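No experiment lies behind these values; they were computed from the predicted model shown. First listed ligand is number 1; within each ligand, the first listed atom is number 1.
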Amino acid sequence: MIRLLLSVLLAATTLVSSDFEDGTPQGWAPRGTATLTVTAEAAHGGSSGLAVTGRTANWTGAALDVLPHMTKGEKYDLSVWVKGAGPLSLSLERRLAGTPAYQRLATAENPAAWTQLKATYTLVDDVDFLSVYVESSSGTADYVMDDFTLTHKPVPPIQTELTAVKDTVPFRMGAAIQRQQILGLEGQLLTKHFDSVTTGNQLKWDFTEPREGEFTFAAADELVDFGVANGMHVRGHTLAWHSQTPAWVFENATKEVLLARLERHIRAVMGRYVGKIDTWDVVNEVIDENQPDGLRRSPWFEITGLDYIRTAFRVAHEVDPTAKLVFNDYNTEYPNKREAMYKVVKQLLDEGVPITTVGHQLHVNIEAQPASAIEDTIERFADLPVDQQVTELDVSVYTDSTSSWESIPEEIIIEQGHRYKDIFDVLRRHAGKLSSVTVWGLADNDTWLSTFPITRLNAPLLFDDQLQAKPAYWGVVDPARLPPLVRKAQAPEGSPRIDGKRDLEWDKLPDISLPNGGFQLRWSQRGISLLATVQDATRDRNDAVTASVDGVPYVIKRTAKTVKPVEGGYRAEALLPVRFGELFELKIVDAATGAETVWLGKVTPVPAVGLATAKRGTPVVDGVREGLWGRKSQPTPVRVEGTSGATAQWSALWDAGKLYVVAAVTDPALSEEAANPWEEDSVEIFVDQGNDKAKSYDGDDAQYRISFTGALSGASPVASAAKRTATGYVVEAAFALAAPAEGALIGFDLQVNDATGASRTAVATWNDPTGQSYRDTSRWGVLRLVS
Ligand code: XIL
């Protein structure tokens, strides 16, 4: 009954619906100069629509007063169908006491055919005028519009029975906020779960000092005062950054002038909030691990070198000697960035620069970086005389910057919950080093990831867009409440001998790890092969491994013929007589204790893992394939981009400290015109001595790139050479190996980039079909070192 009542109350209500079917403009009126005519030609649905002609500026058109329909703090959906030449936008103008503000809610770049403009809008400001209208980006071309709707979707009450996140963690728990998050239900959710807030945008330079000496604090004051009034810690973000900083700051700036501007800015902004804001992100994103000195080439750096960082911390410390002063950056969970940041912070601390805190933004995704890399980062900084904070945590549901979902699958949202758990396991373990953890936003209804790096649906936070707790919340607060994780694994094609021995086929990949062992799968026409290694020192005839494929179980008892003892346990091998199934469950029973281990996941069949050999030998690295290389070579048969194009035949050799590769590329037209090295004609070589087949690079993974002229990018080979040939070119190079041994298996791939003029038109590899070799080692092939 209550549920029914709630769902009736929560149903969306249509506040305005303009279909123009009654032959009138239904309240739409000209904005500026324009002629509005209800005609049949302008109909999208039904038999009339609104034609807008005679416009005199891009902002003129048809407008509707929506002030009577909208209330501050509430969320609305708007939609309209438009057609016209050139980009059209659905825009909104609001005013308070005569001061206007404009916002484009949705834009269609090319509405030559009927196009729907859709937006969700939360009114967060006091207004005495509110109007929606359709305008052009430029020009005054006629347009037609029809079927406008304004609907209100009430947000359900927040879940007051939930445990507050802040009460379950041993550090301050923060959220980044804007105005919307301190109003209404969002304000309730914020104060219930968090004891710290960070201003999301309102203390950035473009907000606080848009013109020299002209300070505007209204927006920040409101957020800071809300935090203070609710007994929260307030973090100020941020004093020196290369982004969201007005152009005037760097205009005609000598070093002296720029440092003076910085000092004045910090004194004014920080000074205003002494006693209210206790932590400041003093510098933001100043590290660039691809520079030899690890420092970002921002105007700050170009003009002042390291001095802007020194000045920022000195002045901040003078203004408030008790404040935490943070050196903040993103991607610190990646080894190269981590090391670059460590070096710079250490140098500055050694000089006496008053950095008190290292901030890790931690904008991560559901896969990368693993929690262990986050742990490595926290441990790395532990020996410096600073504390640490997580300053901008969110977990994107995407692992790349191009995909997007219409609606996010529930299993991804569950996976995200487990990901939050893994991350908070690490953060709790290192609570002694962490003074606060902040998530970048309150709920999925308002996240910067809905427009960065592209516009797409994203859901990176602990609460959903209805402000209700997600699995992510449970992952932080009570992981026992998480639905089981459906993991992902791949089964390459392969037919190992089923005899309880671990043949080379199995050695090509690391086992999928289990708390008490590990396993792998292969597929072939005959069925699915399984190898499971189990640590279980107490031999019992009821010990068993049960593999279920789409719900059908196969039991392998420890007493079976294809089970062999290994130190501390046993190894079970089996051929499951099933065609490929999707959902795989592995259950291991330790009969002596009754303990069960379960792995549940979706398995994808993939092509066999390529295996090639490198013989022992030390060639001269000169771009010539001398006799020592032998006659055998390997192709690049896997098409990653394009349908035809350059390919290579390659071979590898090894000796005490190096791996050698020679690749003869067939490519008649060579170009180095592209701006990016990977878009030029070039060969990439991928080496992972540990062969750990991981979703992201670790310390021993490297990507080398050698263009047809011998230009290098990426990691540095020990030696390299390139030579043109009648049919293309040859590259040859030597790469460092740490104590290689005969029989070792190395993760390896080779990629040929084929350029046409200034763009890349084809890519071929030896093994990896994903196009992700540059950041993901899991689909590389395997190279075996032989004598
Ligand atoms: C983002 C804000 O959340 C957005 O609203 C704004 O449009 C762009 O900036 N790292 C930072 C933050 O340090 O300041 C950024 O915030 C997100 C990335």
Using only atom types and a distance under 3.5 Å, with no angle test, would you say the side chain of His193 pairs donor to acceptor with the backbone of Val165?
yes

Contacts table for ligand 1: protein N or O within a distance under 3.5 Å of ligand N or O, distances only.
unit_1, atom_1, unit_2, atom_2, d
ligand 1, 3 (O), Trp440, NE1, 2.9
ligand 1, 5 (O), Asn201, ND2, 2.8
ligand 1, 9 (O), Lys204, NZ, 3.1
ligand 1, 9 (O), Gln244, OE1, 3.1
ligand 1, 10 (N), Glu285, OE2, 3.2
ligand 1, 10 (N), Gln361, OE1, 3.4
ligand 1, 10 (N), Glu392, OE1, 2.9
ligand 1, 13 (O), His237, NE2, 3.3
ligand 1, 13 (O), Asn284, ND2, 2.9
ligand 1, 13 (O), Gln361, NE2, 3.2
ligand 1, 13 (O), Glu392, OE1, 3.2
ligand 1, 13 (O), Glu392, OE2, 2.8
ligand 1, 14 (O), Lys204, NZ, 2.8
ligand 1, 14 (O), His237, NE2, 2.7
ligand 1, 16 (O), Lys204, NZ, 3.3
ligand 1, 16 (O), Trp440, NE1, 3.3

Before you tell me yes or no, could you show the steps for Val395 and Ile423 under side-chain contact (heavy atoms from CB on, under 4.5 Å), namely the whole-Å CA-CA distance, both residues' side-chain angles and the distance that decides it to 0.1 Å?
CA-CA 10 Å; Val395 178; Ile423 292 172; 4.3 Å; yes

Taking the ring centre of each residue, are Tyr342 and Phe381 less than 6.0 Å apart?
yes

Between Trp405 and Tyr398, is the ring centroid distance below 6.0 Å?
yes

More than 12 heavy atoms of other groups within 6.0 Å of Lys192 NZ:
yes

Once salt bridge (Lys or Arg N to Asp or Glu O under 4.0 Å) is applied, what residue pairs with a partner in residues 438-457 remain, sequence neighbours excluded?
Asp400-Arg456, Asp444-Lys470

